[in-house]
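The structure displayed is predicted, hence computed values, not measured ones. Note that these values count all heavy atoms, side chains included, but never hydrogens, waters or copies made by symmetry.
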There are 2 protein chains.
Amino acid sequence: MYHVVHTTYMKDEFGDYVRQRREQLRTQDPAFSVRGLAGRIRVEPSYLSKVERGETPPPSEATILRIAREIGEDGDVLLALAGKVSTELQAVIRKRPTLFAELIRELKDQPDHAVLRLVREVRDGEW
Amino acid sequence: MYHVVHTTYMKDEFGDYVRQRREQLRTQDPAFSVRGLAGRIRVEPSYLSKVERGETPPPSEATILRIAREIGEDGDVLLALAGKVSTELQAVIRKRPTLFAELIRELKDQPDHAVLRLVREVRDGEW
DNA sequence: GGTAGTGTGTACGACATGATACACGCCTTG
DNA sequence: CAAGGCGTGTATCATGTCGTACACACTACC
């Protein structure tokens, strides 16, 4: 039976995005070299390089959030690109699983503006 | 520097719950022995035993959902007890990260009835 | 032409995850 | 007393996660 070891990661989105964003920032600020950014997010340059090229899966949540801060991107968005959901949000859901599960499934097929309306409704507190 | 190997898992909720529920069901139906249930959810009896006693961390999502079905518990609830959130729900969130992140954080400190009201609002479609 | 900075290739590592396989000792029942 | 069902202890394993360490080749500068 064939069983490829599959050493190559493949199919990015996260890496592509980070690289593009970093190179863009770099046109304004040479501190956004691979080594520069890697230093500030406290990983090895070769690791960041591999992540950006999708040779390795996206980093841990903590590292992703440090990247987000550094490149000025929303943490939840970057986590999403990495196929993850913030553990903080997960904790909220886990405290009331049925309630949140139902809400989220209900909203799955609702358009953005409908969801946004709910957000505002809660925030502006028309309760 | 001390560095305990930490071979013992510890601190359950999931295991306790499953065991209790299984033993309860067992009073009505002898098919709910460790071996019986293990067979139906397709894991080794010794593994289920260890899980129930919290000697090992909770199983994978797929296995948890099979357990839920078998013992008649809600999947999301059982996943929550295992410290997990359904990948299906996570996928919904990942498609619109900022929108859902905002909503969930907003609802974090809202009482149950407020969240429930939203659920109904969406479902009953007063849109 | 050294030296400083750049991206990347290769090798390896520790630890977590999610289980299997098998044997052992304890009851019960025919 | 053996045969079957029971729960559990011990050993082991494949794969995934999340990186480090170091060397290499290229370019630019003065």
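- Going from atom CD of Glu23(B) over to atom C1' of dT8(D) covers 14 Å, rounded to whole Å.
- Across all strands, Thr63(A) comes closer than 4.0 Å only to sugar-phosphate atoms, never to a base (heavy-atom distances).
- As rounded to whole Å, 11 Å separates atom P of dA19(C) from atom CZ of Arg42(B).
- Between Val43(B) and Val51(B) the shortest side-chain heavy-atom distance does not fall below 4.5 Å.
- Between the side chains of Ser60(A) and Thr63(A), at least one donor N or O lies within less than 3.5 Å of an accepting N or O.
- Taking atom C1' in both dC18(D) and dC12(C), one finds a spacing of 13 Å when rounded to whole Å.
- Atom name P, nucleotides dT17(D) and dA11(C): the rounded distance is 22 Å, in whole Å.
- Atoms CD (Glu44(B)) and P (dC13(D)) sit 16 Å apart, rounded to a whole Å.
- In this structure the side chain of Lys84(A) never reaches within 4.5 angstrom of the side chain of Gln90(B), judged on heavy atoms.
- Residue Leu107(A) holds its CG atom at 5.5 Å from CG of Leu118(A), rounded to the nearest 0.5 Å.
- Exactly one residue among Arg96(A), Lys95(A), Arg105(A) makes a salt bridge (Lys or Arg N to Asp or Glu O under 4.0 Å) with Asp76(B). That residue is Arg105(A).
- Rounded to a whole Å, the CD1 atom of Ile67(A) is 13 Å from the C1' atom of dG19(D).
- Figure legend: Arg40(A) and Phe32(A) shown as a cation-pi pair, the cationic atom lying under 6.0 angstrom from the six-membered ring centre and within 45 degrees of its axis.
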Detail all sub-3.5 Å separations between protein N/O atoms and N/O atoms belonging to nucleotides 4-12 of chain C.
{"residue": "dT6(C)", "atom": "OP1", "partner": "Ser33(A)", "partner atom": "OG", "Å": "3.4"}
{"residue": "dT6(C)", "atom": "O4", "partner": "Arg35(A)", "partner atom": "NH2", "Å": "3.4"}
{"residue": "dG7(C)", "atom": "OP1", "partner": "Arg26(A)", "partner atom": "NH1", "Å": "3.0"}
{"residue": "dG7(C)", "atom": "OP1", "partner": "Val34(A)", "partner atom": "N", "Å": "3.2"}
{"residue": "dG7(C)", "atom": "OP2", "partner": "Val34(A)", "partner atom": "N", "Å": "2.8"}
{"residue": "dG7(C)", "atom": "OP2", "partner": "Arg35(A)", "partner atom": "N", "Å": "3.4"}
{"residue": "dG7(C)", "atom": "N7", "partner": "Arg35(A)", "partner atom": "NE", "Å": "3.3"}
{"residue": "dG7(C)", "atom": "N7", "partner": "Arg35(A)", "partner atom": "NH2", "Å": "2.8"}
{"residue": "dG7(C)", "atom": "O6", "partner": "Arg35(A)", "partner atom": "NH2", "Å": "2.6"}
{"residue": "dT8(C)", "atom": "OP1", "partner": "Arg19(A)", "partner atom": "NH1", "Å": "3.2"}
{"residue": "dT8(C)", "atom": "OP2", "partner": "Arg19(A)", "partner atom": "NH2", "Å": "2.7"}
{"residue": "dT8(C)", "atom": "OP2", "partner": "Ser49(A)", "partner atom": "OG", "Å": "2.7"}
{"residue": "dT8(C)", "atom": "O5'", "partner": "Ser49(A)", "partner atom": "OG", "Å": "3.4"}
{"residue": "dG9(C)", "atom": "OP2", "partner": "Arg53(A)", "partner atom": "NH1", "Å": "2.4"}
{"residue": "dG9(C)", "atom": "OP2", "partner": "Arg53(A)", "partner atom": "NH2", "Å": "3.3"}
{"residue": "dG9(C)", "atom": "OP2", "partner": "Glu55(A)", "partner atom": "OE1", "Å": "3.4"}
{"residue": "dG9(C)", "atom": "O6", "partner": "Ser46(A)", "partner atom": "OG", "Å": "3.4"}

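- One finds a side-chain N or O of Lys84(A) lying less than 4.0 angstrom from the OP1 or OP2 phosphate oxygen of dC18(D).
- Atom CZ of Phe14(B) and atom P of dG18(C) are 11 Å apart (whole Å).
- Here the nucleotide nearest the side chain of Val43(B), chosen from dC18(D), dA21(C), dA19(C), is dA19(C).
- By the 6.0 Å and 45° rule, Arg19(B) does not stack over the aromatic ring of Phe14(B).
- For Arg66(A) and dG19(D), the CZ to C1' distance is 11 Å, given to the nearest whole Å.
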